[in-house]
Colleague: 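Below: one structure in structure tokens.
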Protein chains: 4
Amino acid sequence: MDSNSSYAKDDKLRRIMDAALTTFSRSGYQGATMQEVASEAGVGKGTIYLYFCSKEELLETVLLDVLKRYRDQIVQIISSEDASRTRMRRLVSEVVRGADRRRRQFRFLLQGSWGMGGEFKQRALSIKKDIMNSLAEFVSEGAEMGEFRDVDARLMAHIISGTLDSLAAAQLWNDEQTLEGQDDSWADDLAGAVVDCLCSGVEPEQ
Amino acid sequence: MDSNSSYAKDDKLRRIMDAALTTFSRSGYQGATMQEVASEAGVGKGTIYLYFCSKEELLETVLLDVLKRYRDQIVQIISSEDASRTRMRRLVSEVVRGADRRRRQFRFLLQGSWGMGGEFKQRALSIKKDIMNSLAEFVSEGAEMGEFRDVDARLMAHIISGTLDSLAAAQLWNDEQTLEGQDDSWADDLAGAVVDCLCSGVEPEQ
Amino acid sequence: MDSNSSYAKDDKLRRIMDAALTTFSRSGYQGATMQEVASEAGVGKGTIYLYFCSKEELLETVLLDVLKRYRDQIVQIISSEDASRTRMRRLVSEVVRGADRRRRQFRFLLQGSWGMGGEFKQRALSIKKDIMNSLAEFVSEGAEMGEFRDVDARLMAHIISGTLDSLAAAQLWNDEQTLEGQDDSWADDLAGAVVDCLCSGVEPEQ
Amino acid sequence: MDSNSSYAKDDKLRRIMDAALTTFSRSGYQGATMQEVASEAGVGKGTIYLYFCSKEELLETVLLDVLKRYRDQIVQIISSEDASRTRMRRLVSEVVRGADRRRRQFRFLLQGSWGMGGEFKQRALSIKKDIMNSLAEFVSEGAEMGEFRDVDARLMAHIISGTLDSLAAAQLWNDEQTLEGQDDSWADDLAGAVVDCLCSGVEPEQ
DNA sequence: GATGAATGAGCCTTCATTCAT
DNA sequence: TATGAATGAAGGCTCATTCAT
């Protein structure tokens, strides 16, 4: 019984955050109404205010939550013991696959934290920097291990991050020209080609 | 007199669109009020409705306008007769410089068209595809001329576009770690390093 | 035309304040809704916010306005050149008559400024003190002229003010036992009896 | 056990009514929330509804309770066997002292029953009339005993009642000009002066 | 054309009340 | 009996839009 009610409470919070993610993603922050979120979550409008003190706090919490999960996914992938190129490949394929599976979340990430203010922006930026730092470190370590050239790690992090975002966005925007064959291996094939570009560059070796 | 009033009319339209860009960029679409836009433009609130039938149409017009200008800038740069690497370099340096100079516009571009619907989204996507197509064509042509390897042009377009976006965003977010030395040549140096990564890749030649 | 529109604006403000007085008096501050006030005034809900920035400011303005008019009435009456007793008599009869005529306003005055905070309370208190000071001065002057005994003027002011309030309240509460015969002279007769009590006291002369 | 739980129940009821008095007095009827009252009483929000079926009933009960206690105090004082003037003096001094000691209650009384409707208003009025009747009777009896002149008893009741209210209000409003020396005997001195005014009147004997 | 006073639909938020535990 | 999580009606306020001037 105890564990039941405890479960129920967590469940309600989770349902609200999930509904908020869905609703904000569908209608945008300002466009979404608390009533929509409540209906989507299957709770009363007032119930949301038992967990979040304002619409803004709800958005911030959900946004940070998604951002953190994205960061954790990236960090986890590039922390493996595989060869740098392999890790990079997994990074691309997982993110692209994830964008497909969790469209709602990526909508959110790409939208970013526009219009949010002050303290929140700092926290969001902090997580974004985590991501950048992880990627930069990944590049540096690759160079130390002799698997990468000695390029500017921070710039390379921008290139990787930007590529991931662009691919995910294409996914969301349904860029069927780029990503049409959705069989089992399309993400891996895509990742292979992208990583080839990133690793070998676009210029022919002389 | 005719040409005068016509000029006056164009001028007023231009001031309104400029004010809208500034205001939407500062406060977001929903956060901005028509009163704000009117004040910023130095016209009466009702005047805006002589040129645009709704707030949404105003946003769409301004957004498409900015997108087009961005597209045109990119197209113009990569249409020159220079070597591919040189054009790519100019692409990066101009975009980064532009992000610095025209922050309002880039805010807008990165924010995208959230919450906008249907027909408008198609038009925005269409322009975004113009950009992608231009970049892909640029890569293809480079390959034909032997200046680029025979990589997947569309994927390389994503890499370039994503890199540009990531750099521009860092600019806006004031990522002072990446872009601190703001002397005259910082953009060129940055572009050089970025293009080196993109052209030669991150892996050492064997 | 100019004077017309100017009149219209003043008229709208006046209608809103009047409607607010009526509505607040009928339903209480918290009980009244802005929609009620708007309907009573025959304007749109938003229009009120062109003249007052919040419900609270509306209440404060109306309350201070009524308070000031009450103060001015009292000051005017006791500033005449008549004998002290005559002025006191007019004070009572006018206030009682006013309570009858302007019930809404007296409701307001008696309710006072409960729940209002800070700066406003100070301004209301300041006007209430004006009234007390005027009454005290009236008593002092009466004493100087030999028409009154040398009693504590401030205490006597409390007695007069309290008596006026109690009579006005009885009026409002429909104390038909006290104030039933509402012919032309009832107020004068009442005032005569009251002033007799206040002037000669309740104890028999020894 | 029975008497214990019965005691506990009475105790809880008392605590709730006390908390309501404090809370309503502090925040006003509409401003106070049931949660505030519950917290102040140290009980759960739902518990209040075991004793009162609505917020309004709670207010009415508490208000009538306070009114009755005030009435009883007045009746008790003027029912003694002392000389009329002595009783009047005790009336003033006790009320003023009481206003100091039980500010919360007087706040309530002075605030009155604004916004309350129908049946309740009748009951409150009924108690207020009790007070008026008691005072009028007191004056009549004084006249019968030859200690008072034969004035209109109901009007004199208004004068006394109004004076008491005005003094109590000054107390609450912190009218330090009137009531500053708060040593042991200030209330008695004040009462002496007030009663002198009421008994002998403000006009010099001729 | 240009304006801004006026409007009212719509939304965030509060809080009295209920009811499962 | 006692509780407080859950609810949803209701209200203050905003702001896109209109229209008389």
Side-chain angles (χ1 to χ4, degrees), chain A residues 1-2 4-5 8-9 12-13 16 30-39 41-58, chain B residues 5 8-9 12 16 30-39 41-58, chain C residues 1-2 4-5 8-9 12-13 16 30-39 41-58, chain D residues 5 8-9 12 30-39 41-59:
Chain A
M1 205 143 78
D2 231 329
N4 236 353
S5 69
K9 192 176 165 175
K12 198 153 280 184
L13 175 60
I16 291 173
Q30 307 272 5
T33 71
M34 293 303 265
Q35 181 57 67
E36 255 187 287
V37 176
S39 300
V43 301
K45 210 182 344 174
T47 306
I48 301 178
Y49 287 88
L50 298 179
Y51 298 87
F52 302 92
C53 69
S54 71
K55 189 188 185 184
E56 184 165 351
E57 201 210 54
L58 174 59
Chain B
S5 70
K9 188 175 167 177
K12 202 157 278 188
I16 290 172
Q30 306 273 3
T33 70
M34 293 302 267
Q35 181 58 67
E36 259 186 283
V37 176
S39 301
V43 301
K45 213 182 340 172
T47 306
I48 300 179
Y49 286 86
L50 298 177
Y51 297 88
F52 302 91
C53 70
S54 72
K55 187 187 184 187
E56 186 164 347
E57 201 209 53
L58 173 58
Chain C
M1 204 144 75
D2 232 329
N4 236 353
S5 68
K9 191 176 168 177
K12 198 151 282 185
L13 175 60
I16 290 173
Q30 307 271 5
T33 70
M34 294 302 268
Q35 181 57 67
E36 257 187 285
V37 175
S39 299
V43 301
K45 207 180 352 168
T47 307
I48 301 179
Y49 288 89
L50 296 178
Y51 297 87
F52 302 92
C53 69
S54 71
K55 189 187 185 187
E56 185 165 349
E57 202 210 53
L58 174 58
Chain D
S5 70
K9 187 174 167 175
K12 201 155 280 188
Q30 306 270 5
T33 70
M34 294 301 267
Q35 181 58 65
E36 258 188 284
V37 176
S39 300
V43 300
K45 213 183 337 174
T47 306
I48 300 178
Y49 286 86
L50 298 176
Y51 297 87
F52 303 92
C53 70
S54 73
K55 187 187 184 186
E56 185 165 351
E57 202 209 53
L58 173 58
L59 171 68

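Computed from a predicted model, the values in this text were never measured in an experiment. First the proteins, then the strands, lettered A, B, ... as listed; each starts at 1. Heavy atoms only: backbone and side chains are in, while hydrogens, waters and symmetry mates are out.
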Colleague: Between atom CD in D:Gln35 and atom P in E:dT18, what is the gap in whole Å?
Modeller: 16 Å

Colleague: In this structure, which stretches of DNA chain F are paired as stems of three or more consecutive Watson-Crick or G-U pairs, both distances less than 3.5 Å?
Modeller: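 DNA chain F stems, ordered by first number: E:2-21 with F:2-21.
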
Colleague: Could you check how far NZ of A:Lys55 sits from P of E:dG10, rounded to whole Å?
Modeller: 15 Å

Colleague: Rounded to whole angstrom units, what separation is found between the CD atom of C:Glu56 and the C1' atom of F:dG11?
Modeller: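 Nearest whole value for this atom pair: 15 Å.
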
Colleague: Starting at atom CZ of C:Phe52, determine the distance to atom P of F:dC13, rounded to an integer number of angstrom.
Modeller: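 Spelled out: CZ on C:Phe52 to P on F:dC13 is 13 Å.
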
Colleague: Counting only side-chain nitrogens and oxygens, does A:Tyr51 get under 4.0 Å of the OP1 or OP2 atom of F:dA5?
Modeller: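 So the side chain of A:Tyr51 is outside the cut-off, no N or O lying under 4.0 Å from OP1 or OP2 of F:dA5.
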
Colleague: Evaluate the side-chain proximity of B:Met34 to B:Leu58: yes if any heavy-atom separation is below 4.5 Å, no if none is.
Modeller: yes

Colleague: Whether C:Tyr49 contacts F:dC15 is assessed here as follows: a side-chain N or O lying under 4.0 Å from the phosphate OP1 or OP2. Is that the case?
Modeller: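 Answer no for this pair, as no side-chain N or O of C:Tyr49 is under 4.0 Å from OP1 or OP2.
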
Colleague: Checking only heavy atoms, does the side chain of A:Lys45 share a donor-acceptor pair with the base of E:dT13 at less than 3.5 Å?
Modeller: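 Flag set: donor-acceptor pair detected.
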
Colleague: Mind calculating the distance between CD1 (B:Ile16) and P (E:dG1) to the nearest angstrom?
Modeller: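 Taking CD1 of B:Ile16 and P of E:dG1, I get 11 Å after rounding.
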
Colleague: What's A:Ala38 touching, base or sugar-phosphate or nothing? Going by heavy atoms closer than 4.0 Å.
Modeller: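 If one applies the 4.0 Å heavy-atom cut-off, A:Ala38 turns out to touch nothing in the nucleic acid.
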
Colleague: Which whole-number value in Å describes the distance from A:Ile48 CD1 to E:dT13 C1'?
Modeller: 11 Å

Colleague: So how far is it from C:Ile48 CD1 to C:Lys12 NZ, rounded to the nearest 0.5 Å?
Modeller: 11.5 Å

Colleague: Could you state the atom-to-atom distance from CD of C:Glu57 to P of F:dG12 in whole Å?
Modeller: 15 Å

Colleague: Whole-Å distance between E:dT17 P and D:Glu36 CD?
Modeller: 15 Å

Colleague: Measure the OH-CD distance between A:Tyr49 and A:Glu57 for me, rounded to the nearest 0.5 Å.
Modeller: 10.5 Å

Colleague: For B:Lys55 and B:Ala32, which heavy atoms make the closest approach, and how far apart are they?
Modeller: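 Closest approach of B:Lys55 to B:Ala32, heavy atoms only: NZ-O, 2.8 Å.
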
Colleague: Between C:Gly46 and A:Gly42, just flag the one whose closest nucleotide in DNA chain F comes earlier from the 5' side.
Modeller: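 Comparing both residues, the 5'-ward one is A:Gly42.
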
Colleague: Relative to the 5' end of DNA chain E, which residue comes earlier, B:Gly44 or A:Thr33, by the nucleotide with the nearest heavy atom?
Modeller: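 Its nearest nucleotide being more 5', the pick is B:Gly44.
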
Colleague: Indicate the atoms forming the closest heavy-atom contact of C:Gly31 with C:Glu36, along with that distance.
Modeller: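 Shortest heavy-atom contact: O-OE1, 3.8 Å.
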
Colleague: Quick check on DNA chain E: between B:Val43 and A:Met34, whose nearest nucleotide comes earlier from the 5' end?
Modeller: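 In this pair, the answer is B:Val43.
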
Colleague: Can you tell me which nucleotide in E:dA16, E:dT7, F:dC13 comes closest to the side chain of C:Thr47?
Modeller: E:dT7

